[in-house]
Each structure stands twice: as structure tokens, then as C-alpha cells.
Amino acid sequence: MPELPEVETTIRGLKSIVGSKIINIKINTSKLRYFIPKSILLINNVRITKIKRKGKFIIFYLQNKHSIVFHLGMSGRLRLYKKIEFKHNKHDHFLLKTNNGKILIFNDPRRFGFIDYGLHKIIDSRKYLISLGIDALSTTLSGPYLFFKISKSIVPIKQILLNQTIIAGIGNIYASEILFNAKISPLKRGKDLKLYQCNMICKSTRKILKKAINSGGSTLRDFVATDGTLGNFQNNFKVYDREGKKVSGKVVKKIIQYGRSTYFCPFIQK
DNA sequence: AGTGAGGCCTGAAAGC
DNA sequence: TGCTTTCAGGCCTCAC
């Protein structure tokens, strides 16, 4: 589910707890993708100073010099309830109460997501964060950067876009949509791309992701914002999940690359 | 070092 | 209808 636009939508929905204090934490399932550090239960009356996104990671910065990290995996979501409206659901693995009457829930049926906790400097040095490439929405993402990074790679560009150590935030859906927008074949190897094509990819990345954020993300199976509202961007997909349908009068094709589905239009994308 | 397959999980949808 | 199979938006580990 959650790629950059869905994570960004989630973050924006968490504004109301920035500045509030965490007064209680409960773990229902300690083993997600990894075990949740037990020390997180020691948090008591600690203020959340800011909430940020890095690639697909959500980071809570706390006043006690610690951070909480959420990764939503494939099926994870963060929901924010008013205390009086909260009722427990299946797969609610983690619960966080704030002093302004909110309850934050981490719900994840497949448990591919994870939650981490530790001192800022420990978290900042986690491999999953330090290995991240330039954020897909960063103004420093540029054609020359991408060109330099992939100029020797035999990996097809679709797979390169999924590599979080090169560009952080793109997932399987938006990779297809971005390449369609850039009119570049997902099969094209990194080393065969010209600089101008890398420029196009970066431009399309910004365009598609921003548009998706403005639509509240995409809801395929189960993405919802923190307040439960659905995303809309799936209605704007040009190729994703549209095998056999037409885009600009040409048929969309589905192929499997590295075990993941890729959608594209061979007539438009070269 | 770079590449590509396999595996972690559950649930919805498709197939029989 | 109900059981079985397939597939899913992520990413790490391991063999080559």
C-alpha cells in the first residue's frame, strides 16, 4: 500500500498531536516485521516536538531525545481517533494516547511494517535511514544525480525506481505511473538512459507524486488517511492495474519484473 | 559489488 | 456455497 503520497497524507493527518504529550503506550503485538523495542513502554508524559517523513518512514521526534519510527510496510496504517470514538479493531498492534484526548493506532494485517524506538542519534544512524537516497520530493533530486547513479547499472529502470537507496519514496504503483508520464519503457536498463531521459523521470516523479498527495493518496485495497477517509488518486491511474485498457488510444500491457507487476504502454513508452 | 530469487504475513478475489 | 489457489502497494537476506 503505502508509498510516499500515502505516507505524506498520513503525516499531514497527524498535525493535531504535534506538541501534545504521550501519556500512555500499549503494545498488543510485539512482533511485527521486527520486535518493537520494549523501552518504548517507558515513555511517560513526553512531548512530541515534530513529526517528519523520510522516504516512506514516519518519524516522531520526542522531547526526551528519543524518536519513534513507523514503517507501514504493505498493509500498515496509522489511524487517529478521538478518545471517545475509539473502538478496537483486528490487527491493532500498537496504541499511543496523548494528553489532548487522541489515540493513535498502528494497524497492520500483514505485519510487514515495523516500529522502532531509541535515542535520536541511535535512530539517525539506523541502516534503514542512512542508506536512503534522495527523497523523491526533494528539490535536490535532479536528472544528473539519477544519471550518475545508474549510468553503469544493467537493472531495468522500473526496478531502479523501487530502489530506496537511489530515490526514496517510490513504490510499485507510482513507478509504473512515473515511467508512463516520462514516456520511458520500464524495461530500459539504467546504463542505456540518456541524461535528458533522467531529467524527464525526475520531472515526472515530482509531478505524479504531488498530484497523488493532492488527491489524498491512492486507495487500492485498504489505504485510508488517519481519519479514515479514502484516497482518490487511483482514479487517475493511467496504466497501473489497467491491463488491456486503453490510454491515449493505445493498449496497456502488464508484465512481471522481479516478481512484481509492471504496467506500461509499449507504443508510448520507448 | 551487483544482481535476482525467496520469504515474511494476512486477506480479498478469482478459480474450481 | 465453500474450499483452494493466487495475488497484493515493501524490503531484507542470502546465494551466485
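The chains referred to below are lettered A, B, ... by the order of the sequence lines, with proteins before strands, and numbering in each begins at 1.
- Distance CZ (A:R33) to P (B:dT10): 14 Å, rounded to an integer number of Å.
- The side-chain heavy atoms of A:F94 and A:F70, taken from C-beta on, include a pair separated by under 4.5 Å.
- Taking atom NZ on A:K54 and atom C1' on C:dG10, their separation rounds to 20 Å, with Å as the unit.
- Separating the CE atom of A:M74 from the C1' atom of B:dG7 is a distance of 11 Å, rounded to the nearest angstrom.
- For B:dC9, neither phosphate oxygen OP1 nor OP2 lies less than 4.0 angstrom from any side-chain nitrogen or oxygen of A:H91.
- Regarding contacts with the backbone of C:dC11, a side-chain N or O of A:Q164 is found under 4.0 angstrom from either OP1 or OP2.
- For DNA chain B, none of the residues of residues 115-137 of chain A falls under the heavy-atom distance limit of 4.0 Å.
- Residues passing the side-chain hydrogen bond (donor to acceptor under 3.5 Å, both in side chains) test with A:S67 are A:H120, sequence neighbours excluded.
- Remark: ring of A:F112 stacked against base of B:dC8; centroid gap under 5.5 Å, plane tilt under 30°.
- For A:H71, no side-chain nitrogen or oxygen approaches OP1 or OP2 of C:dG10 to under 4.0 Å.
- Here the straight-line distance linking atom CG of A:L4 with atom CZ of A:F57 works out to 12.0 Å at 0.5 Å rounding.
- Residues A:L193 and A:I201 are in side-chain contact: their nearest non-hydrogen atoms beyond the backbone lie under 4.5 Å apart.
- Residues from residues 253-265 of chain A with heavy atoms under 4.0 angstrom of DNA chain C, sorted by number: A:K254, A:R260, A:S261.
- Between A:P2 and A:T10 there is no side-chain heavy-atom pair separated by less than 4.5 Å.
- A sub-4.0 Å separation between OP1 or OP2 of B:dG11 and a side-chain N or O of A:R110 is absent.
- Residue-level contact check: A:F114 touches neither bases nor backbone, having no heavy atom under 4.0 Å from any strand.
- The stretch residues 144-161 of chain A touches DNA chain B through A:S153, A:I154, A:V155, each having a heavy atom within less than 4.0 Å of the strand.
- In this structure, CG of A:N163 is placed 16 Å from P of B:dA1, rounded to the nearest angstrom.
- Side-chain N or O atoms of A:D92 include none that pairs as donor or acceptor with a backbone N or O of A:I105 at under 3.5 Å.
- The distance from atom CZ of A:F106 to atom C1' of B:dT10 is 14 Å, rounded to the nearest whole Å.
- OP1 or OP2 of B:dT10 has not a single side-chain nitrogen or oxygen of A:K90 nearer than 4.0 Å.
- Under the 4.5 Å side-chain criterion, counting only non-hydrogen atoms from C-beta, A:L104 is not in contact with A:T98.
- At a threshold of 4.5 Å between non-hydrogen side-chain atoms, the residues A:K183 and A:K270 do not count as touching.
- Annotation: side chain of A:S261 is not in contact with side chain of A:I255 (no heavy-atom distance under 4.5 Å).
- The backbone N or O of A:G55 sits less than 3.5 Å from a side-chain atom of A:D135, completing a donor-acceptor pair.
- For A:R47, there are no salt bridge (Lys or Arg N to Asp or Glu O under 4.0 Å) partners two or more places apart in sequence or in a different chain.
- With A:S176 contributing its side chain and A:Y240 its backbone, the two residues share no donor-acceptor pair below 3.5 Å.
- With hydrogens and angles ignored, the 3.5 Å screen pairs no side-chain donor or acceptor of A:T49 with any backbone N or O of A:Q63.
- Closest approach of A:L162 and A:R260 over heavy atoms only: CD1-NH1, 4.4 Å.
- Closest contact between the side chain of A:Y34 and the listed nucleotides C:dC12, C:dA8, B:dC9 involves C:dC12.
- Atom C1' of nucleotide C:dC7 and atom CG of A:N172 are separated by 12 Å, given to the nearest angstrom.
- Taking the side chain as every heavy atom from C-beta outward, A:H91 and A:H93 approach each other to under 4.5 Å.
- When the P atom of C:dC11 is taken as reference, atom CZ of A:F57 falls 6 Å away, rounded to whole Å.
- With both ends at atom P, the span from C:dC11 to B:dA12 equals 23 Å, rounded to whole Å.
- At whole-Å resolution of the value, CG in A:D92 and P in B:dT10 are 16 Å apart.
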| field | 5'-to-3' dot-bracket of DNA chain C (Watson-Crick, G-U; under 3.5 angstrom; crossing pairs as [ ]; | other strand) | value | .|||||||.|||||||
